[in-house]
Amino acid sequence: FLFCFMATENTKLLALLDTVIETYLQKGEPVWSKFLNSLGAIDYAPSTLRKYLNILEKQGMVYQPYNSSGRIPTLQGLSAYVESTLAQSPQDIDLNLNSTRAELKSFVEALGEVTDGVVVGFIRNDEYYYLGINNLLRDDMIDEYSATRTIIRFIEEKKIVPFIDKKILKNGEVYYTFVNDQDTLISCVYVKISLNDYDMVLSIVGPLRVDYKKNITILKKVLETFG
């Protein structure tokens with residue numbers, strides 16, 4: 001009975017963490033317990049909700065930027081969220097990739113239409129392309145102009161290429177990392193696929209606040225297409 005109770009509580013904690021993170025990714029501001037109580041998906045008594053938020057904070061998954069504020073996910077919390085998303089079956093997204101298999105540039109352009117972030121694609125020791133800078137210039141990113149410029153410079157200076165190129169990557173796997181560049185944290189999810197007997201790397205680069213589920217789903221669909 002105790003094990004069952006602990007497993008149920010852990011499931012509720014993970015579900016609450018997902019809700020906090022997804023709310024933060026959408027709104028870009030600390031998530032308050034009062035707001036969580038207003039969501040139909042959250043059906044906890046206020047005291048239970050506070051208890052669970054305190055547990056998540058003690059576990060290092062969320063933190064309060066100042067006393068009595070809402071919660072913001074930590075890198076540890078974001079990592080747990082991404083790991084959970086990687087373990088899920090991909091959602092249905094029609095990428096219409098058949099017409100872009102033969103050319104890296106058009107492939108990257110096609111992905112740039114649907115991702116949340118900048119698509120960076122390169123064939124090892126060969127051409128390099130990127131697309132999707134406008135995806136970083138959303139209205140809710142205006143206050144983060146400095147971080148946006150750092151991310152754009154990180155991409156334009158091709159820093160992502162040696163960063164990923166030195167890693168050993170397996171086909172069929174989605175990888176992720178968080179890069180600290182000039183005190184700006186940059187998120188990156190990426191895969192390796194084979195194109196005409198060449199190793200090609202596709203990555204989606206952006207700030208911490210991106211739609212991880214969508215980007216991971218897209219890359220999983222890419223892997224399925226080239227499987």
Side-chain angles (χ1 to χ4, degrees), residues 14 17-31 61-63 65 70-93 95 107-122 129-161 163-164 167 173-192 201-223:
L14 291 175
L17 178 63
D18 280 359
T19 301
V20 171
I21 290 177
E22 289 175 1
T23 302
Y24 171 74
L25 294 177
Q26 292 171 6
K27 298 172 68 67
E29 57 187 33
V31 181
M61 298 296 184
V62 299
Y63 74 98
R71 266 76 170 187
I72 290 178
T74 63
L75 282 182
Q76 180 179 339
L78 280 172
S79 295
Y81 175 81
V82 174
E83 290 283 357
S84 173
T85 300
L86 285 172
Q88 297 172 10
S89 298
Q91 303 169 358
D92 288 332
I93 293 182
L95 301 180
F107 191 26
V108 171
E109 288 173 350
L111 290 180
E113 295 293 324
V114 292
T115 57
D116 184 17
V118 181
V119 179
V120 177
F122 64 94
Y129 297 98
Y130 70 86
L131 186 80
I133 294 296
N134 287 340
N135 292 348
L136 295 179
L137 304 180
R138 308 189 309 251
D139 289 341
D140 61 342
M141 293 294 292
I142 291 177
D143 292 337
E144 300 175 46
Y145 177 79
S146 176
T148 300
R149 289 301 308 163
T150 299
I151 296 170
I152 292 173
R153 187 165 54 249
F154 178 82
I155 295 167
E156 290 178 338
E157 293 176 358
K158 303 182 182 180
K159 293 181 180 180
I160 193 66
V161 174
F163 184 82
I164 294 180
K167 296 179 179 294
E173 297 285 340
V174 179
Y175 297 89
Y176 76 95
T177 190
F178 299 106
V179 183
N180 191 330
D181 187 61
Q182 299 182 15
D183 293 326
T184 295
L185 289 169
I186 301 171
S187 68
C188 179
V189 292
Y190 53 100
V191 295
K192 185 189 82 170
V201 176
L202 290 170
S203 60
I204 303 173
V205 182
L208 290 185
R209 286 201 302 118
V210 295
D211 190 336
Y212 293 95
K213 287 189 174 180
K214 180 179 183 181
N215 289 342
I216 289 172
T217 291
I218 288 170
L219 292 184
K220 283 187 174 183
K221 287 293 185 180
V222 169
L223 293 177

query: Where do Ile155 and Ile160 land on the side chain to side chain contact (heavy atoms under 4.5 Å, CB included) test, with the steps shown first?
result: CA-CA 6 Å; Ile155 295 167; Ile160 193 66; 5.8 Å; no
task: First locate atom CD1 of Ile218, then atom CG of Leu223, and finally report the distance between them rounded to the nearest 0.5 Å.
output: 12.5 Å
query: Do Leu86 and Tyr176 pass the side chain to side chain contact (heavy atoms under 4.5 Å, CB included) test, and can you show the C-alpha distance, the side-chain angles, and the key distance before you say yes or no?
result: CA-CA 10 Å; Leu86 285 172; Tyr176 76 95; 3.9 Å; yes
query: Do Phe178 and Leu78 come close enough that some side-chain heavy atom pair is under 4.5 Å?
result: yes
- prompt: Has the side chain of Ser79 got a donor or acceptor atom that lies under 3.5 Å from a matching backbone atom of Leu75?
  reply: yes
Rounded distance (nearest 0.5 Å) linking atom OH of Tyr175 with atom CD1 of Ile164: 11.5 Å
field: Donor + acceptor pair across side chains of Tyr81, Glu22 (<3.5 Å)
entry: yes
field: Atom pair CD1 (Ile204) and CG (Asn215), whose distance is rounded to the nearest 0.5 Å
entry: 4.0 Å
task: Examine distances only and state if a side-chain atom of Ser203 and a backbone atom of Val120 form a donor-acceptor pair shorter than 3.5 Å.
output: yes
statement: To the nearest 0.5 Å, atom CZ of Phe107 lies from atom CG of Leu131 at 13.0 Å
query: What distance separates Arg153 CZ from Thr184 OG1, expressed to the nearest 0.5 Å?
result: 8.0 Å
- request: Evaluate side chain to side chain contact (heavy atoms under 4.5 Å, CB included) for Asp181 paired with Ile151, printing each intermediate quantity in order.
  value: CA-CA 8 Å; Asp181 187 61; Ile151 296 170; over 6 Å; no
- prompt: Between Ser187 (side chain) and Pro207 (backbone), is there a donor-acceptor pair under 3.5 Å?
  reply: yes
- prompt: Quick one: does Asp116's side chain have a donor or acceptor within less than 3.5 Å of a partner on Asp211's backbone?
  reply: yes
query: Cation over ring, Lys167 on Phe163, under 6.0 Å and within 45°?
result: yes
- prompt: In Å, rounded to the nearest 0.5 Å, how long is the span from OH of Tyr63 to CZ of Arg71?
  reply: 12.5 Å
field: Check: Lys214 side chain, Val114 main-chain N or O, donor-acceptor pair, under 3.5 Å
entry: yes
